[in-house]
Amino acid sequence: GIPAAVAAAEAAPAAAGGRGGGRAGQTPEQQAAQTAAADATKKWRMGVSMDKVKEFRKKWEDAGVLIEIIKWDGLFDFSDDELDYAFQVSKSLGARALSSEISIGRTKRLGQFADKHKMQVGYHGHTAVTPAIWEATFAEAKYNAANLDLGHFVAGNNMSPVPFLKKYADRVTHVHVKDKKFCNGPNMPFGQGDTPIKEVLQLMRANKWKFQATIEFEYQVPQGSDRMKEIAKALQYCKECLV
């Protein structure tokens, strides 16, 4: 099993500010505890047998589930040995790519490891990531790629992601499907925002693009409904786009 120190290290970023927020200040004791947990995590990772990883993969394959993308947190702070570990684990799980939140200005080193292992890293960007930032990231390494969030692209860039997808389809690991409004607008029920979901899904089918489209449910659940009902509606909308 995973030791408690590993769980503590994974929880530390959330405790320090959470996704998308500023990091809260830490006491010296908290910093020391986080460092100790990170060291314990690294030691544990270096001792993990890839045979165990492959056993885990087989359980999913036997259940008919294909593991395609492995999401990693904290990749930009990994040591060289830990980055090799991340790629080795991902390969042993049968994945074709890794995924990580983008850290602008820090993708060159990670891209070097992606090139070394010949395995794409799909960086997930939010509204602040422009096409120019994606292009600069792609230029740093052959296997640097994008986990393109269609809704964030629309909201942040005030334009359709379709031209970008057509140009860089080979640099896209997967897309997140959500419907947002232009000008940093809100998340909307599918079909009510400005995201060209139907056009993208039809392009994926027509061009036989290999990357997957993952529904990312983020709009507010209407009164009288629930999350599962709304996810079912989103899925049905996507299916109808391909009729």
query = Checking side chain to side chain contact (heavy atoms under 4.5 Å, CB included) for the pair Leu165/Val175: CA distance, chi angles, key distance, verdict?
reply = CA-CA 10 Å; Leu165 280 169; Val175 296; 4.2 Å; yes
key: Euclidean distance, Leu242 CG relative to Tyr237 OH, rounded to 0.5 Å   =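 Taking OH in Tyr237 and CG in Leu242, the distance rounds to 10.5 Å.
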request  = Compute the ring centroids of Phe76 and Phe78, then answer whether they are less than 6.0 Å apart.
outcome  =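 No, the ring centres sit 6.0 Å or more apart.
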key: Taking every non-hydrogen atom, the tightest pair across Ala213 and Leu201   =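 Nearest heavy atoms, Ala213 then Leu201: CB-CD2, 4.0 Å.
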task = State yes or no: do Met228 and Val177 share one hydrophobic cluster built from I, L, V, M, F, W and Y residues joined by side-chain heavy-atom distances below 4.5 Å, directly or via other members?
result =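 Looking at the clustering, Val177 is in the same group as Met228.
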query = In Å and rounded to the nearest 0.5 Å, what is the CD to OG1 distance from Gln26 to Thr35?
reply =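 Nearest 0.5 Å value for the CD-OG1 distance: 8.5 Å.
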message = Can you confirm whether Lys142 sits close enough to Lys118 that some side-chain heavy atom of one is under 4.5 Å from a side-chain heavy atom of the other?
response =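 No - every pair of side-chain heavy atoms lies 4.5 Å or more apart.
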Worked verdict on Phe217 versus Asn187 for side chain to side chain contact (heavy atoms under 4.5 Å, CB included) = CA-CA 9 Å; Phe217 182 82; Asn187 292 300; over 6 Å; no
query = Do the side chain of Thr195 and the main chain of Lys180 share a donor and acceptor less than 3.5 angstrom apart?
reply =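 Checked: pair present.
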query = Can you list the residues that meet the side chain to side chain contact (heavy atoms under 4.5 Å, CB included) rule with Met188, with sequence neighbours excluded?
reply =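 Met188 satisfies side chain to side chain contact (heavy atoms under 4.5 Å, CB included) with Lys181, Pro186, Gln192 once adjacent residues are dropped.
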message = Ring-plane angle category for Phe164 and Phe138, please: parallel below 30°, perpendicular beyond 60°, tilted otherwise.
response =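 Phe164 vs Phe138 ring planes: tilted.
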message = Are the side chains of Tyr168 and Leu148 in contact, using a 4.5 Å heavy-atom criterion?
response =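 Result no, sub-4.5 Å side-chain heavy-atom pair not found.
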inquiry  = If hydrophobic residues (ILVMFWY) are linked whenever their side-chain heavy atoms come closer than 4.5 Å, directly or via other members, who joins Phe182 in its cluster?
reply    =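 So far as hydrophobic clustering goes, Phe182 is joined with Val154.
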Salt bridge present between Lys42 and Glu82 (N-O < 4.0 angstrom) =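 Between Glu82 and Lys42 there is no salt bridge, as every charged N stays at least 4.0 Å from the carboxylate O atoms.
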task = Enter the distance from Asp39:CG to Gln34:CD here, rounded to the nearest 0.5 Å.
result =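 Output value for this atom pair is 11.0 Å.
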task = Give a yes or no on whether the backbone of Asp51 and the side-chain of Ser49 come within a donor-acceptor separation of less than 3.5 Å.
result =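 Pair found, side chain donor or acceptor close to backbone of Asp51.
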query = Are Met204 and Phe153 in one and the same hydrophobic cluster, where Ile, Leu, Val, Met, Phe, Trp and Tyr link if side-chain heavy atoms are under 4.5 Å apart?
reply =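 Yes; Phe153 is reachable from Met204 via cluster members.
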ask   = Does atom NZ of Lys52 have more than 12 heavy-atom neighbours, drawn from other residues, nucleotides or ligands, at distances under 6.0 Å?
value =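 No.
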query = Where do Ile197 and Cys238 come nearest, in terms of heavy atoms and distance?
reply =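 Shortest heavy-atom contact: CG2-SG, 4.4 Å.
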request  = Report yes if the side chains of Val172 and Trp209 come closer than 4.5 Å at any heavy-atom pair, otherwise no.
outcome  =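 In short, these two side chains do not touch, never coming nearer than 4.5 Å.
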query = Nearest 0.5 Å, what's the OG-CG distance between Ser160 and Leu150?
reply =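 Result: 9.0 Å between the selected atoms.
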task = For the pair Ile70 and Val89, evaluate side chain to side chain contact (heavy atoms under 4.5 Å, CB included) and give the outcome as yes or no after the intermediate values.
result = CA-CA 9 Å; Ile70 306 298; Val89 166; 5.7 Å; no
message = I'd like to know if the side chain of Lys233 and the backbone of Pro189 have a donor-acceptor N/O pair within less than 3.5 Å.
response =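 Judged by distance alone, no pair lies under 3.5 Å.
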ask   = Does Pro131 reach the side chain of Lys167, with side-chain heavy atoms less than 4.5 Å apart?
value =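 No, their side chains stay 4.5 Å or more apart.
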request  = Over 60° means perpendicular and under 30° means parallel, so classify the ring planes of Trp60 and Phe56, tilted if in between.
outcome  =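 Answer is tilted, since the angle falls between 30° and 60°.
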key: Distance in Å, Asp84 CG paired with Arg45 CZ, rounded so as to fall on 0.5 Å steps   =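 Taking CG in Asp84 and CZ in Arg45, the distance rounds to 13.0 Å.
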key: Residue of the set Asp149, Ile102, Thr173 for which side chain to side chain contact (heavy atoms under 4.5 Å, CB included) holds with His124   =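 With His124 as partner, side chain to side chain contact (heavy atoms under 4.5 Å, CB included) holds for just one option, Asp149.
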message = Quick one: does any side-chain atom of Gln120 pair with a main-chain N or O of Arg96 as donor and acceptor, under 3.5 Å?
response =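 Checked: no pair found.
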task = Please indicate whether Lys198 has more than 12 foreign heavy atoms, meaning atoms of other residues, nucleotides or ligands, lying under 6.0 Å from its NZ.
result =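 Atom NZ in Lys198 is not packed in, count stays at 12 or less.
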ask   = Sub-3.5 Å donor-acceptor pair from the side chain of Ser225 to the main-chain atoms of Val221, do we have one?
value =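 Not a single qualifying donor-acceptor pair exists.
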ask   = Can Glu68 and His174 be said to form a side chain to side chain contact (heavy atoms under 4.5 Å, CB included), step by step?
value = CA-CA 10 Å; Glu68 281 206 317; His174 54 311; over 6 Å; no
Interatomic distance, Asp80 atom CG to Lys116 atom NZ [nearest 0.5 angstrom] =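 Answer for the CG-NZ pair, Asp80 versus Lys116, is 7.5 Å.
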message = Just so I know, are the side chains of Asp179 and Tyr219 near enough to count as touching, which here means a heavy-atom distance under 4.5 Å?
response =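 In short, these two side chains do not touch, never coming nearer than 4.5 Å.
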ask   = Should Leu83 and Ile69 be regarded as members of a common hydrophobic cluster, given that ILVMFWY residues are connected when their side-chain heavy atoms come within less than 4.5 Å of each other, either directly or indirectly?
value =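 Not linked; separate clusters.
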message = So His152 and Val129, do their side chains get closer than 4.5 Å, heavy atoms only?
response =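 In short, these two side chains do not touch, never coming nearer than 4.5 Å.
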key: Note, Asn144 side chain near Arg171 side chain (heavy atom, < 4.5 Å)   =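 They are in contact (side-chain heavy atoms under 4.5 Å apart), so the answer is yes.
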ask   = Do Val65 and Phe211 belong to the same hydrophobic cluster, where Ile, Leu, Val, Met, Phe, Trp and Tyr are linked whenever their side-chain heavy atoms lie under 4.5 Å apart, directly or via other members?
value =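 They do share one cluster, since a chain of ILVMFWY contacts under 4.5 Å joins Val65 to Phe211.
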ask   = Do the non-hydrogen side-chain atoms of His117 and Tyr143 ever get within less than 4.5 Å of each other?
value =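 No. Closest side-chain heavy atoms not under 4.5 Å.
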